[in-house]
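Working notes, beginning with the structure itself.
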Amino acid sequence: NTGDASDVVGLPYLHIEAKHQEQMRLYDWMDQAKHDAAPKGDIPAVFHKKNNAPILVTMELDDFMTIYKEWEAGRE
């Protein structure tokens with residue numbers, strides 16, 4: 001127990017809500033991730049999958065663009 005509500009640790013500045021469900025409730029899951037991420041100012045993301053399918057990542061567009069811009073800046 002790290003005191004961190006994130007389902008996955010080791011990715012600084014990201015709060016990850018992990019779900020393995022057949023029925024998707026992405027907006028509910030994202031609300032939970034945003035609530036839990038808020039105290040530390042982390043970026044909320046939902047890692048989700050269903051049986052026999054790859055893991056997908058859901059996040060808000062603004063957060064994705066923030067990450068993408070940092071990635072792109074590192075390539076230049």
Are L11 and W71 connected in a single hydrophobic cluster, I mean Ile/Leu/Val/Met/Phe/Trp/Tyr linked by side-chain heavy atoms less than 4.5 Å apart?
yes
Check whether I67 and V57 end up in the same hydrophobic cluster, where Ile, Leu, Val, Met, Phe, Trp and Tyr are linked by side-chain heavy atoms less than 4.5 Å apart.
yes
Atom CD1 of I16 and atom CD1 of I43: how far apart are they, to the nearest 0.5 Å?
10.5 Å
Is a donor on one side and an acceptor on the other found under 3.5 Å between the side chain of E22 and the backbone of N51?
yes
Would Y27 and M24 show up in the same hydrophobic cluster when neighbours are defined by side-chain heavy atoms closer than 4.5 Å?
no
Measure across A33 and E17 and return the closest heavy-atom pair with its distance rounded to 0.1 Å.
CB-CB, 3.9 Å
Between CE on residue M30 and OG1 on residue T58, distance to nearest 0.5 Å
6.0 Å
Should we say atom NZ of K49 is surrounded by more than 12 heavy atoms from elsewhere, each under 6.0 Å from it?
yes
L61 and F47: same hydrophobic cluster, using ILVMFWY side-chain contacts below 4.5 Å?
yes
Linking I/L/V/M/F/W/Y whenever any side-chain heavy atoms sit under 4.5 Å apart, do F64 and I55 land together?
yes
Heavy-atom count around H35 NE2 within 6.0 Å, excluding the residue itself: above 12?
no
What one should report as the nearest heavy-atom pair of H15 and A37 is CB-CB, 3.5 Å
First locate atom NZ of K50, then atom CG of L56, and finally report the distance between them rounded to the nearest 0.5 Å.
9.5 Å
At what distance, to the nearest 0.5 angstrom, does CG of D63 lie from NZ of K34?
9.0 Å
